[in-house]
Amino acid sequence: MSRAHISEQFDAELNKVRSLLMEMGSQVELQLQNAVRALIGHDIELAAQVRAADDRVNRLEVEIDEHCVQIIALRQPAASDLRTLVSVMKASTDLERVGDEASRIAKMAQAVAGMDYPADQYRDFRQMAELTKAIVVRSLDAFARQDVDTATTVITEDEAIDDAYGAMVRSQVSLMHQDGASIDRAMNVIWAARALERIGDHAKNISEYVVFLVKGKDVRHSAKQRP
Amino acid sequence: MNLSVTEWLIAAALLTLALLLGAITGAWAAMLLGATLIWGALQYRELAALKRWAERPLTRPESRLTSWRNLSEPLFDSLNASRRRTSRVLHRFRGLRVLIDALPDATVIVDRAGEIQDFNLAAKERLRLRDSDRGLDLAALVRQPDFVALIRGTRSDRLIEFASPFDEECRFEARRIVIDDDYVLLLVRDVSQLNRLLTMRQEFIANVSHELRTPLTVVIGYLEAMSSDDIDLDTLRQLLAKLAPPTARMRSLVDDLLLLSRLEASPPPALEDLDVVDVGTVIRGCVAEGRALSEGRHRFETDVDPSVHLLAIEPEIHSAVLNMVTNAVRYSPNGGTVRVTWQCTADGARLAVRDQGLGIAPEHRERITERFYRVDLAKARVRGGTGLGLAIVKHVLKRHHSVLRVDSELGRGSTFYCEFPESQLDFQPAPPVPGPSGPSLDEAAS
């Protein structure tokens, strides 16, 4: 899709913002993975590390925005170049949010670290986290490969996370009914699960930008109409 | 182009015919034109044949006229030569491709911008790359912050280790090698196994030091007490006697360590090095030692088939049986029975030590043969033992083509057993005495 421009400089600039976005993606993926590990393993240190590193993600978002705005101002891009810039900017916003949600999970990890281990060893949470991580990875893969097929499956798979979230809330609530002492931990776990669910939504958004980027078609808010 | 003799003849014949017919009919011009047309048609036929050949130049071209053949033959030859060259190059290229794909390390070549140029099979598997990924940004596909920095060359070290972004359990080691001004080679190696080994070694060293330090601290404490000036001979004797247990403990630990490292380092014994071991005698000896350790707190039973001997290295089998018996004593409550059996089975013989002890929970069963692995760390000190016993048993049995197995029920006791194939047994004629070869019950004294 990246036909060469007369100005090689322009190509280099576009590649730069794309690679910055992917760098941000790599950071965010690691944040998410570490946050989940910190919560499951009651690892306060790792959790603190995750929260501290969120700053790096935020800085990358600012940097991407600056680059994009500069390109739009100087080059007045059209068609696929413009779509690239718009989708990179939007995706970076979503990635930044994913970073925030990962920090939130890390915060919950710090809160539950002092408590007893639950009987189920966070089995439900672990499963949901696996689903979420996979969907983030796949949406970024789709962005890197400009792969509409993967992107469209990710968009539909987001529902699985929503279902898992519902199931988690129900199981935690019944846990709270049985054992009043578990309320503290269960609340925190629900918050963390909520963060995962939001991360799934952001991943879905990123996949939607991939479709927009490649096909020039806006598929947001049209999930029900699609065949 | 020089025309050949046949072509001269054809031309001359045509011309003569035209002139002759011209002389007869008087239509000179028409006749000459006709001859020229025939000549042209002949040439055109050759041209068409060459064109047909050029579309599929696989066989030798069939030019009838020599001047045309002079053109088409060299064409065909040079075409063939270039075909041979191409196939040679292709052959070498395929060979290189096979070689690169056979490399166990994921190998990727990227250009200065980080775009993938080429990669091998291992990279496809380990880094999940696809054939269609050539030309894409490698950092966008293998997203791990340290690896991204390595690809971009924004960090000074050219060797990094990181958790695989595809599998948290996997550790990768990546190396960046600059090929020339335009290309960079990235090698990614799976070091999970190596890391596990390193961790195991560190743990082992930590454990050994810890096990040695505890008795050593005791010894140092007594030595300090002894070195005070106003100490009388009686107290000194008492203190000296107290030095014996910790030093004995250290010695047994060092002995076990040496035995274990010898077992691990030496190759499996050759057939001619094996003794014919009378397992019954070995068991009797070990049970006697177990009885001494038990100090009358346990009952012992043995059920031995004296006619079955084992081809093995006697001292090793002795230490294996001894470790199994002393373990049974250590992990059984007072009054428990330790039963040692050596019996024929359908396809060999089976050695078993059963206790009525604590039993081993399933999650520990896999790991109890690891060095210094303790099910209950807090009580390990009280029970004694070096923590190496089952590791020794495991290695002895491995050297004798057998495996240590455990049946256990929590709170009811455990049976440690192993089986030897028939090829490793030696059947002695049954001893003449004492009556039927039934189980000989043998109770602890006191």
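Predicted, not measured: the structure shown is a model, and the values here were computed from it.
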Contact class of B/Leu136 relative to chain A, heavy atoms under 4.5 angstrom: side chain
To check you understand the geometry: which heavy-atom pair defines the closest contact between B/Val142 and B/Val148, and what is its length?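 Looks like O-CG2, 4.1 Å.
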Do [X] and [Y] touch side chain to side chain, with heavy atoms closer than 4.5 Å?
{"X": "A/Arg198", "Y": "A/Arg97", "value": "no"}
{"X": "B/Leu358", "Y": "B/Leu410", "value": "no"}
{"X": "B/Leu185", "Y": "B/Val178", "value": "no"}
{"X": "A/Val57", "Y": "A/Leu95", "value": "no"}
{"X": "B/Val184", "Y": "B/Ile177", "value": "no"}

Using the test ring pair (Phe, Tyr, Trp, His ring centres under 6.0 Å), find all partners of B/Phe416 that sit at least two apart in sequence or belong to another chain. none
Answer with side chain, backbone, both or neither: which region of A/Leu21 has an atom nearer than 4.5 Å to a non-hydrogen atom of chain B?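 It is neither, since no heavy atom gets under 4.5 Å.
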Please determine, among B/Ala163, B/Pro145, B/Ala140, the option with the most heavy-atom pairs under 4.5 Å with chain A. B/Pro145
Please list every donor-acceptor pair closer than 3.5 Å that links chain A with chain B, giving the two atom names and the distance for each.
{"from": "A/Ser19", "atom 1": "O", "to": "B/Arg152", "atom 2": "NH2", "distance (Å)": "3.2"}
{"from": "A/Glu29", "atom 1": "OE2", "to": "B/Arg143", "atom 2": "NE", "distance (Å)": "2.8"}
{"from": "A/Glu29", "atom 1": "OE2", "to": "B/Arg143", "atom 2": "NH2", "distance (Å)": "2.7"}
{"from": "A/Lys133", "atom 1": "NZ", "to": "B/Glu168", "atom 2": "OE2", "distance (Å)": "2.5"}
{"from": "A/Val137", "atom 1": "O", "to": "B/Arg143", "atom 2": "NH2", "distance (Å)": "3.0"}
{"from": "A/Asp141", "atom 1": "OD1", "to": "B/Arg143", "atom 2": "NH1", "distance (Å)": "3.0"}
{"from": "A/Asp141", "atom 1": "OD1", "to": "B/Arg143", "atom 2": "NH2", "distance (Å)": "3.2"}
{"from": "A/Arg145", "atom 1": "NE", "to": "B/Asp133", "atom 2": "OD1", "distance (Å)": "2.8"}
{"from": "A/Arg145", "atom 1": "NE", "to": "B/Asp133", "atom 2": "OD2", "distance (Å)": "3.1"}
{"from": "A/Arg145", "atom 1": "NH2", "to": "B/Arg128", "atom 2": "O", "distance (Å)": "3.1"}
{"from": "A/Arg145", "atom 1": "NH2", "to": "B/Asp133", "atom 2": "OD2", "distance (Å)": "2.7"}

